[in-house]
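Encoded as structure tokens, the structure appears first; notes follow it.
Sequential numbering from 1 along the given sequence is applied to the chain's residues.
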Amino acid sequence: MEEKKTNNLNSNSEKEKVEREKQKVEPENEAKEELKQVTLSQAEYDGIKLQMAKVINDYKDLERDLENYRKRSRQEIDSAKSDGMIKALETILPTLDTFKKAKKTIKDKNTLDGVNMIEKGVLEALKKLNVNKIECVGKKFDPNFHNAVLSISDANHKAGTVIEEIEAGYTLGDKVIKFSQVVVAK
């Protein structure tokens, strides 16, 4: 009886092997059946080749358009940031001129020291934002940075020299955001 069981097991194992082999062979046969040779005329081949070249060119055009869009978007974002900062600074900077006016009227030394500290702190904060005060007194008048509000004769100064700053001017990087209002020697 044991021999029969062993034979049955062996025959079952063999049957399974045969089934597995059939399964392996069938996909290969299916793949072979799917591969059919197609014959194209030269004109058909050239047409397909032309279509592929068009698709590739269209893809490259889209890729360039996307890169241009990204660059334009970055520039617009940078420009919007800069415009927003300039608008804010144009609103804030005139208040710095009030420090100069206030310091002329303050008699108490402690109060004057406090105002000087506040002014210094504001100027340092602006420097961190790349905003710089335009130095002008004693410099040659430059219409790119200065706006002459008065011109006076002064024997102590050379003609075209800024002799007094009425309102301070400021730059943001290389861009003037507020011109210095100055008195110039004739």
Test Glu167 against every option in Lys100, Lys101, Lys133, Lys178 by the salt bridge (charged side-chain N to carboxylate O under 4.0 Å, His left out) rule and name the one that passes. Lys178

Yes or no on side chain to side chain contact (heavy atoms under 4.5 Å, CB included) for Asn147 and Val182, after CA distance, side-chain angles and deciding distance? CA-CA 6 Å; Asn147 184 19; Val182 297; over 6 Å; no

I need the Lys104 NZ to Phe99 CZ distance, nearest 0.5 Å. 15.0 Å

Please report the closest heavy-atom contact between Gly169 and Ser180, naming both atoms and the distance. N-OG, 3.1 Å

Quick check: is Met85 connected to Leu93 through a chain of hydrophobic side chains (ILVMFWY, heavy atoms under 4.5 Å apart)? yes

With a 6.0 Å cut-off (strictly less than), is the heavy-atom count around NZ of Lys103, excluding the residue itself, greater than 12? yes

Any donor-acceptor pair under 3.5 Å linking the side-chain atoms of Asp108 with those of Asn110? no

Would Lys120 and Asn116 satisfy side chain to side chain contact (heavy atoms under 4.5 Å, CB included), going step by step from the backbone distance to the final call? CA-CA 6 Å; Lys120 182 180 176 190; Asn116 283 330; over 6 Å; no

Between Lys49 and Asp46, is there a salt bridge with N-O shorter than 4.0 Å? no

Can you measure from OH (Tyr170) to CG (Leu126) and round to the nearest 0.5 angstrom? 7.5 Å

pair Leu96-Val122: side-chain heavy atoms closer than 4.5 Å: yes

Interatomic distance, CD1@Ile77 vs OG@Ser82, rounded to 0.5 Å, equals 13.5 Å

Shortest non-hydrogen contact from Phe179 to His146? CD2-N, 4.0 Å

Hey, what do you get for OH (Tyr45) to CG (Leu40), rounding to the nearest 0.5 Å? 9.5 Å

On a heavy-atom basis, which atom in Ala148 and which in Val184 lie closest, and how many Å separate them? CB-CG2, 3.8 Å

Between Glu44 and Ser41 (side chain of the first, backbone of the second, donor and acceptor by atom type, cut-off under 3.5 Å), is there such a pair? yes

Nearest atoms (heavy-atom pairs only) where Leu172 meets Leu129: CD1-O, 3.4 Å

Does a side-chain heavy-atom distance below 4.5 Å link Glu165 with Val183? no

Is it the case that one hydrophobic cluster holds both Ile152 and Ile166, taking links as side-chain heavy atoms less than 4.5 Å apart, direct or via other members? yes

Sole residue of Thr111, Asp113, Ile106 in side-chain contact (heavy atoms from CB on, under 4.5 Å) with Lys109: Asp113

For Ile163 versus Ala185, what's the shortest heavy-atom pair and its separation? CG2-CB, 4.0 Å

Side chains of Lys186 and Asp154: closer than 4.5 Å at any heavy-atom pair? no

Tell me if a side-chain donor or acceptor on Thr171 pairs with a main-chain N or O of Asp174 at a distance below 3.5 Å. no

Does Lys127 offer a backbone N or O that forms a donor-acceptor pair with the side chain of Asn132 under 3.5 Å? no

Please determine whether side chain to side chain contact (heavy atoms under 4.5 Å, CB included) holds for the pair Thr161 and Phe141, giving the CA-CA distance in whole Å, both sets of side-chain angles, and the decisive distance to 0.1 Å. CA-CA 5 Å; Thr161 303; Phe141 175 78; over 6 Å; no

Kindly indicate whether the side chain of Lys54, heavy atoms from C-beta on, has any atom under 4.5 Å from the side chain of Asp58. yes

Between Leu62 and Tyr59, is any pair of side-chain heavy atoms under 4.5 Å apart? no

Rounded to the nearest 0.5 Å, how far apart are CG of Leu112 and CE of Met117? 12.0 Å

Run the side chain to side chain contact (heavy atoms under 4.5 Å, CB included) check on Asn68 and Arg72 step by step: do they pass? CA-CA 6 Å; Asn68 288 337; Arg72 225 178 13 260; 4.1 Å; yes

Rounded to the nearest 0.5 Å, how far does SG of Cys136 lie from CD of Gln181? 10.0 Å

